[in-house]
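Here the structure is laid out as structure tokens; the discussion comes afterwards.
Start at 1 with the first residue, then count along the sequence.
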Amino acid sequence: MQTPTANQKAAFDPKAWRLLIKPRYFFSWVSLGMLALLAFIPNRLRDALCIALSFVLTLIPTRPRRLAYANLRTAFPQYSAKECRRMFRRMTAVGLCVFAGYAEPSVLPRALLKRRWKVVGAEYLEKAKARGKAIIFVAPHALAIDRCGLYLSYSGIEMCTMVHQQRNPVYDWFLNAQRLRFGGAVYERSSGLRTLIRELRAGRSCFFLPDQDLGRANSLFCDFLGVPKATVTTLPKLAGVSKASVMQLFSVYNLKTACYEVHFSPIFENYPSGNLLQDLRYMNQVIEDKVRQFPEQYMWFLRYFKSRPTRDYPNIYANLHFSSFKKGAAIDYAGRRRPYLDPRATHKSD
């Protein structure tokens, strides 16, 4: 019997559910049971109900709706208010359909799951696998990211991933156990990048979420959808240290076909190049090409443009009042699209 490595000891334990059988988690387990029941409803019928529900939910002036409008009006100045509302409704419909089918990978047989995946750009994935190195999949915050990500381990790629621990330990166990159904390893972010580097060097591929706003400390400002955005500098450094191949995986749930589309991009060639800003701009360009192609698939309710380059750039998330009757100062959304050159942009990749 092999002795587990330090990495394996730090990984998520799928048997942890035994410690969660407690009265205080009763309603959490009941909600998972209801989600499991939804998995057995014909997906076309379930989607029709979700689409109908989206028309109602988008009428409610919630904070996520206001965040989405702020993002859309900033990233797509050509959109009218009506077009922003339509885009938010489509995003809500996609999100509801994905959520209603969240338990499918846990309870349905593999044959049924396989029928719901459609791969676009499979030749790029095969080319990356032929290199015989680990792959870093650049995976933006699309609504179907978890479901499409499962395709990788399902198809036989050894995967590892770093996740943010959920507040509810039952839901945290559910999500991580699902990610491990087809193999791989899951680590909490607190395990650190060293753990991820060791896994990559050992041949395991991984996910990388590139579009988070983690503040100014570990970021450079470069354009994303025409807006100066705090872009994390981790990817070029991680790729350089691990010698892994890099490519994008963009997740799509097609409302017409009721299929999860896994879109692969060509491999990032000569990456990292040694020019950090150039590498980050290329990463953002690849992401925004897909976001423009499938805008309704993106999680527009996240605060992508939270950090401002300087104080004179407007905060587009100001005055996001819950009530429509509260009025605040008008926001200069176009002002967030002014060009900006980060003084640290001359730094080279490590």
Could you tell me whether the side chain of [X] and the main chain of [Y] form a donor-acceptor pair under 3.5 Å?
X    : Y    : answer
W300 : P295 : yes
R308 : P314 : no
Q297 : Y253 : yes
D279 : P236 : no
Q178 : L175 : no
Y304 : M299 : yes
R204 : T161 : no
R336 : F305 : yes
R216 : P309 : yes

task = Could you work out the complete set of other residues in the hydrophobic cluster of L37, with links drawn between I, L, V, M, F, W and Y side chains under 4.5 Å apart?
result = none
request  = Check which hydrophobic residues are tied to F26 through side-chain heavy-atom contacts below 4.5 Å, counting indirect links as well, and list them.
outcome  = F27, V30, M34
query = Please, which pairs that meet ring-ring contact (aromatic ring centres under 6.0 Å, His included) have at least one residue in residues 29-49, sequence neighbours excluded?
reply = W29-W173
So [Y] and [X], do their side chains get closer than 4.5 Å, heavy atoms only?
X    : Y    : value
F208 : V232 : yes
K127 : Y124 : no
Y154 : W117 : yes
L214 : N218 : no
C222 : N284 : yes
I316 : V227 : no
F250 : V291 : yes

inquiry  = For L302 and L67: C-alpha separation, side-chain torsions, deciding distance, then whether side-chain contact (heavy atoms from CB on, under 4.5 Å) applies.
reply    = CA-CA 7 Å; L302 299 180; L67 283 168; over 6 Å; no
remark   = Scanning both residues in full, the closest heavy-atom pair of F88 with A68 reads CD1-CB, 3.5 Å
So, using salt bridge (charged side-chain N to carboxylate O under 4.0 Å, His left out) as the criterion, who are the partners of [X] when residues are at least two apart?
X    : value
K118 : none
D47  : none
R303 : none

Sequence neighbours left out, what passes side chain to side chain donor-acceptor pair (under 3.5 Å) with [X]? Give chain and number order.
X    : answer
D312 : T310, R338
E126 : none
R46  : E104
D211 : H141, Y298

Take atom [atom1] of [X] as the centre, draw a 6.0 Å sphere, and report whether it contains more than 12 heavy atoms from other residues, nucleotides or ligands.
X    : atom1 : answer
R281 : CZ    : no
R73  : CZ    : no
N168 : CG    : yes
R90  : CZ    : no

side-chain hydrogen bond (donor to acceptor under 3.5 Å, both in side chains) partners of residues 219-230, not counting sequence neighbours, each pair once = none
inquiry  = Quick one, I135 with L152, criterion side-chain contact (heavy atoms from CB on, under 4.5 Å). Give me CA distance, side-chain angles, the key distance, then yes/no.
reply    = CA-CA 11 Å; I135 306 170; L152 299 173; over 6 Å; no
inquiry  = I'd like to know if K290 and E261 make a salt bridge, using a cut-off of under 4.0 Å between side-chain N and carboxylate O.
reply    = no
request  = Just say parallel, tilted or perpendicular for the rings of F137 and F264, cut-offs at 30° and 60°.
outcome  = tilted
request  = Give me the ring orientation class for F268 and Y282: parallel if the planes are under 30° apart, tilted from 30 to 60°, perpendicular past 60°.
outcome  = perpendicular
inquiry  = Could you walk me through whether Y102 and D146 satisfy the side-chain contact (heavy atoms from CB on, under 4.5 Å) test, starting with their C-alpha distance in whole Å, then the side-chain angles of each, then the deciding distance to 0.1 Å, before giving a yes or no?
reply    = CA-CA 9 Å; Y102 231 94; D146 277 323; 2.5 Å; yes
inquiry  = Could you check whether D289 and Q293, counting side-chain N and O atoms only, form a donor-acceptor pair closer than 3.5 Å?
reply    =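 No pair is found: no donor N or O on one side chain lies under 3.5 Å from an acceptor on the other.
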task = Go through the steps for V138 and V286 under the test side-chain contact (heavy atoms from CB on, under 4.5 Å), then give the verdict.
result = CA-CA 10 Å; V138 177; V286 172; over 6 Å; no
Please tabulate, for side-chain N and O atoms in residues 48-60, each donor-acceptor pair with protein atoms closer than 3.5 Å (sequence neighbours left out).
{"from": "S54", "atom 1": "OG", "to": "I51", "atom 2": "O", "distance (Å)": "2.5"}
{"from": "T58", "atom 1": "OG1", "to": "S54", "atom 2": "O", "distance (Å)": "2.9"}
{"from": "T58", "atom 1": "OG1", "to": "F55", "atom 2": "O", "distance (Å)": "3.3"}

